[in-house]
Amino acid sequence: MLLWLIAAFCAFFVKGICGFANTLVFTSMLSFGTANIEITPVDLLLGYPPNLIVMLRGRKKLQWKVILPLITLILTGDAVGAFLLKNVNVGSVRVLFGAAVIAVAIEMLTREYRPKAKGSPILLALIGLLSGVMSGLFGVAALMVAYVTRMTEDSEAMKANISAVFAADNTFRLILYLFLGIITLSSLKTAALLLPAALLGLFCGIQLSGRLPEKFIKRLVFLVLLLSGIMLILKNV
């Protein structure tokens, strides 16, 4: 249980700083000795309250014209992801998505040296669907983070908007997981025990992010996205 507590604190400390990647950190720290079916429902339960907290903290910066289409697309993608999970070689899909995430991360880094461009509705649709598929398969929405970062003015706005989308996705997946029996009494108990550590990590991360330069946070987001893509590939080659 000590490792689970440390993983919960570290995962949501990272989320407090950059607004996402809690699933990446939590799963990576626990996956060597624990099955995914045990980790995923606990991660989902732990992620719900922090997403609501971050969304409410930044409610003045919410951009519903960005959020609502993404929610629709990511929920559609969740269904596609569930289909792929049953019918496609998931390892191959993960490698392809990993390469896509790396490409997007590199584009984010190089964008700092180019004029800022407006978001394309076609790009929004594509990234939303791909993000939903990734979320449905692995609980990872790195591509969506990259797009919302492009559409918002600063890291605080990005964190609020991305958390609003995550909260909607969490609601859908909670209902689905309860219906399928993936969330059990054991996972509820584990999540309840870990929640204080997760919230402590979240608030420590939020406090630290307020003291970090905006450029540093953007670079951190880039590095976490890059790591996400690399890990997706390495685990499945």
Side-chain angles (χ1 to χ4, degrees), residues 1-31 34 38-64 66-67 70-71 135 139-142 144-146 148-149 151-174 183 187-228:
M1 182 55 68
L2 178 60
L3 179 59
W4 284 72
L5 287 167
I6 294 171
F9 177 87
C10 292
F12 289 92
F13 178 75
V14 172
K15 180 175 179 61
I17 295 176
C18 61
F20 71 107
N22 48 289
T23 295
L24 171 69
V25 175
F26 192 71
T27 303
S28 298
M29 292 183 69
L30 297 174
S31 60
T34 309
E38 297 179 40
I39 300 171
T40 299
V42 174
D43 175 65
L44 177 60
L45 290 164
L46 284 180
Y48 203 12
N51 279 322
L52 293 175
I53 290 169
V54 176
M55 179 185 74
L56 292 173
R57 284 187 77 253
R59 59 188 177 277
K60 292 182 179 179
K61 295 189 175 184
L62 293 177
Q63 299 173 220
W64 293 105
V66 174
I67 294 169
L70 274 177
I71 288 174
S135 179
V140 176
M144 184 174 61
V145 171
V148 175
T149 300
M151 295 291 289
T152 49
E153 59 185 16
D154 56 40
S155 61
E156 291 303 311
M158 182 275 285
K159 287 191 283 188
N161 284 274
I162 204 72
S163 292
V165 180
F166 285 157
D169 177 64
N170 289 168
T171 302
F172 175 80
R173 290 172 60 210
L174 277 171
I183 293 177
S187 57
L188 286 168
K189 288 180 178 177
T190 301
L193 288 171
L194 298 180
L195 186 59
L199 293 177
L200 178 62
L202 177 74
F203 287 116
C204 287
I206 289 173
Q207 290 300 311
L208 179 60
S209 70
R211 296 174 170 81
L212 295 173
E214 183 71 21
K215 190 172 184 178
F216 178 86
I217 295 177
K218 287 183 178 179
R219 293 292 176 88
L220 181 61
V221 169
F222 154 74
L223 288 172
V224 174
L225 283 173
L226 188 63
L227 180 61
S228 300

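Residues Ile67 and Ala164 approach most closely at CD1-CB, 3.9 Å, considering heavy atoms. Here the closest non-hydrogen pair linking Leu56 and Arg59 is O-NH1, 2.5 Å.
Looking at Leu194 and Phe26, their side chains come closer than 4.5 Å, going by heavy atoms from C-beta outward. Between Val54 and Arg57 the shortest side-chain heavy-atom distance does not fall below 4.5 Å. Using a 4.5 Å heavy-atom cutoff, the side chains of Met158 and Lys61 are not in contact. You'll find the side chain of Ile71 stays beyond 4.5 Å of the side chain of Asp169, heavy atoms only. Asn22 places none of its side-chain heavy atoms less than 4.5 Å from the side chain of Pro50.
Note: Gln63 CD to Leu70 CG = 11.0 Å, rounded to the nearest 0.5 Å. The CZ atom of Arg173 sits 10.0 Å away from atom CZ of Phe166, with the distance rounded to the nearest 0.5 Å. With values rounded to the nearest 0.5 angstrom, Ser155 atom OG is found 13.0 Å from Ile162 atom CD1.
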Solution key, residues 7-21 side-chain donor-acceptor pairs under 3.5 Å, sequence neighbours excluded:
from, atom 1, to, atom 2, distance (Å)
Lys15, NZ, Gly19, O, 3.0
Lys15, NZ, Asn51, OD1, 2.8

With a cut-off of 3.5 Å and sequence neighbours excluded, list every side-chain donor-acceptor pair involving residues 196-207.
none

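Side-chain atoms of Asn161 come within 3.5 Å of backbone atoms of Ala157 as a donor-acceptor pair (strictly under, hydrogens ignored).
Remark: Ser187 pairs with Pro41, Val42, Leu45, Ile183, Thr184 by the side chain to side chain contact (heavy atoms under 4.5 Å, CB included) rule, at least two apart or across chains. Scored by the side chain to side chain donor-acceptor pair (under 3.5 Å) test, Thr40 finds no partners at all (sequence neighbours excluded). Residues satisfying the side chain to side chain donor-acceptor pair (under 3.5 Å) test with Ser209, not counting sequence neighbours, are Lys159. For Lys189, the salt bridge (charged side-chain N to carboxylate O under 4.0 Å, His left out) test picks out no residue, with sequence neighbours left out.
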Self-check item: side-chain contact (heavy atoms from CB on, under 4.5 Å) between Leu195 and Leu46, worked out
Solution: CA-CA 6 Å; Leu195 186 59; Leu46 284 180; 4.2 Å; yes
